[in-house]
There are 2 protein chains.
Amino acid sequence: MCFMERGYSATSIDDVARRLGATKGRIYHHYPSKADLFADVFRTGMQFSFSSVEPLSKGPERAIERWKKMARAHATGMIRTRAFQRVVWEGVELHLKGATTPEQRDSLGRLIAHRERYARLFRTTIEEARRDGDMQFSLTGIAEELMFSALNSPVFWYSPRAGETDSDIKELVDQIVSFALRGLGGKEGSKNE
Amino acid sequence: MCFMERGYSATSIDDVARRLGATKGRIYHHYPSKADLFADVFRTGMQFSFSSVEPLSKGPERAIERWKKMARAHATGMIRTRAFQRVVWEGVELHLKGATTPEQRDSLGRLIAHRERYARLFRTTIEEARRDGDMQFSLTGIAEELMFSALNSPVFWYSPRAGETDSDIKELVDQIVSFALRGLGGKEGSKNE
DNA sequence: TGATGAACATACTACCGGGTATGTTGTCAA
DNA sequence: TTGACAACATACCCGGTAGTATGTTCATCA
């Protein structure tokens with residue numbers, strides 16, 4: 001499950017197999033094609049985010065408070081499972097560019113749809129927060145993109161330091177979420193915890 | 001000059017040639033290898049940004065005002081030359097992952113160094129703005145990453161609408177820069193134009 | 001205990017794509 | 001007019017890789 005660092009086409013099945021201490025035969029015994037293997041990693045990566053964020057989106061608090069929790073969970077997940085998230089990212093890219101085969105197309109299609117539902121969790125929340133007067137931005141679509149670009153960004157630039165503690169990561173996440181929150185015109189007021 | 005949409009390894013020289021209405025021979029007549037072709041596109045893309053932003057970084061105004069102009073120029077460039085910017089992005093990614101051949105490595109290396117100098121223009125400016133009390137953020141490195149993630153993001157999600165005017169793009173850029181500025185803890189005060 | 005099938009490994013095929021070697025055409029200078 | 005060279009096109013080579021076909025081992029169950 002680890003061809004998450006070279007990219008889809010740059011990674012051969014043999015690479016993956018070697019990494020697993022196995023051979024190609026094993027992989028093709030479990031997955032019908034390379035695309036299916038990729039889709040499985042994609043799905044797994046998304047599942048991390050979904051299962052940690054979705055419950056938070058249904059809390060009883062004010063929208064902005066829910067958003068803060070969701071954003072923290074999302075960003076933390078991006079850091080903790082960044083290898084998977086790179087695959088997810090590339091999957092989205094592949095879909096936008098137009099995946100090669102038709103089967104691959106709709107396999108990716110369903111995953112993208114799932115991702116869409118995930119994004120909607122955030123979109124409805126920030127729209128609600130805006131109605132509450134707790135955020136201000138003009139076009140929702142753009143605000144959403146900018147928000148995700150910030151929350152997702154550690155996938156690309158974060159790399160673990162030696163002897164890094166959980167509170168180090170917490171600090172990172174703080175700064176990320178704070179950036180996004182202020183970007184969305186959020187009142188940072190009250191307290192951040 | 002147009003293999004900027006499929007990605008490096010997903011694009012064959014024949015693809016590029018077909019796009020140009022030419023053949024492989026023509027391309028290999030002008031470039032010694034695929035990597036060199038890629039490097040040239042990379043360089044061209046960066047040049048757009050550099051030449052439009054670098055002069056602005058030397059203006060006489062207050063740091064935050066310089067930053068606003070730089071950020072606007074950068075974001076506008078990302079939108080206007082996004083095909084090139086995708087190549088630049090992938091070039092950086094390739095470098096981080098470890099380019100295949102050694103020659104490719106240091107070819108990319110010099111380009112990355114150039115890009116580093118470009119990023120420094122922004123870094124020094126936001127640090128100066130912070131000293132001026134016009135911005136507030138904790139870790140500069142992270143702030144820089146978050147800032148670029150927002151300013152660069154249209155490269156990935158923007159796609160031109162039919163009948164789009166310059167002022168539409170200006171509005172887009174406004175929202176992007178505003179997001180980044182607030183994210184950096186900037187006083188949006190005065191006016192934005 | 002022998003048959004069966006899952007869970008692999010090994011060997012092989014087919015194809016694609018980077019790179020090269022060799023044509024072909026036009027231009028320009030002597 | 002011809003030789004030389006730039007600017008391509010065409011034909012080919014060859015390594016790498018997705019996918020397949022065929023072993024081989026081991027557990028389970030009749």
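Chain A is the first sequence line, chain B the second, and so forth, proteins listed ahead of strands; every chain is numbered from 1. Hydrogens, waters and symmetry mates play no part in the numbers below; they use all other heavy atoms, side chains included. Fair warning: this is a prediction, and the values are worked out from it, not measured in the lab.
Taking the charged nitrogens against the carboxylate oxygens, B/K69 and B/E61 do have a contact shorter than 4.0 Å, which makes a salt bridge. Using a 4.0 Å cut-off between a side-chain N of Lys or Arg and a carboxylate O of Asp or Glu, B/E128 and B/R62 do not qualify as a salt bridge. Here A/K170 pairs with A/D174 in a salt bridge; the nearest charged N to carboxylate O distance falls below 4.0 Å. A salt bridge does not link B/D134 with B/K68: every distance from a Lys NZ or Arg NE/NH1/NH2 to an Asp or Glu carboxylate oxygen is 4.0 Å or more. Taking 4.0 Å as the cut-off between side-chain N and carboxylate O, B/R86 and A/E93 count as a salt-bridged pair.
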Kindly give the atom pairs (protein nitrogen or oxygen, nucleotide nitrogen or oxygen) under 3.5 Å for nucleotides 16-18 of chain C.
| residue | atom | partner | partner atom | Å |
| --- | --- | --- | --- | --- |
| C/dG18 | OP1 | B/T11 | O | 3.3 |
| C/dG18 | OP1 | B/K34 | NZ | 2.8 |
| C/dG18 | OP2 | B/I13 | N | 2.9 |
| C/dG18 | N7 | B/K24 | NZ | 3.3 |

What nitrogen or oxygen pairs link the protein and nucleotides 5-8 of chain C at under 3.5 Å?
| residue | atom | partner | partner atom | Å |
| --- | --- | --- | --- | --- |
| C/dC8 | OP2 | A/H30 | NE2 | 3.2 |

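Nucleotides of DNA chain D that come within less than 4.0 Å of any heavy atom of chain B span, from the 5' end to the 3' end, D/dA7 to D/dT10.
Minimum heavy-atom separation, B/G91 to B/I112: O-CD1, 4.5 Å. Across all non-hydrogen atoms, the minimal contact from B/R26 to B/H30 is O-CD2, 3.1 Å. Taking all atoms of both residues into account, the shortest heavy-atom contact from A/L184 to A/F137 is O-CD2, 3.7 Å.
A cation-pi contact, defined as under 6.0 Å to the ring centre and within 45° of the axis, is absent between B/K34 and B/Y28.
With B/D132 contributing its side chain and B/A129 its backbone, the two residues share no donor-acceptor pair below 3.5 Å.
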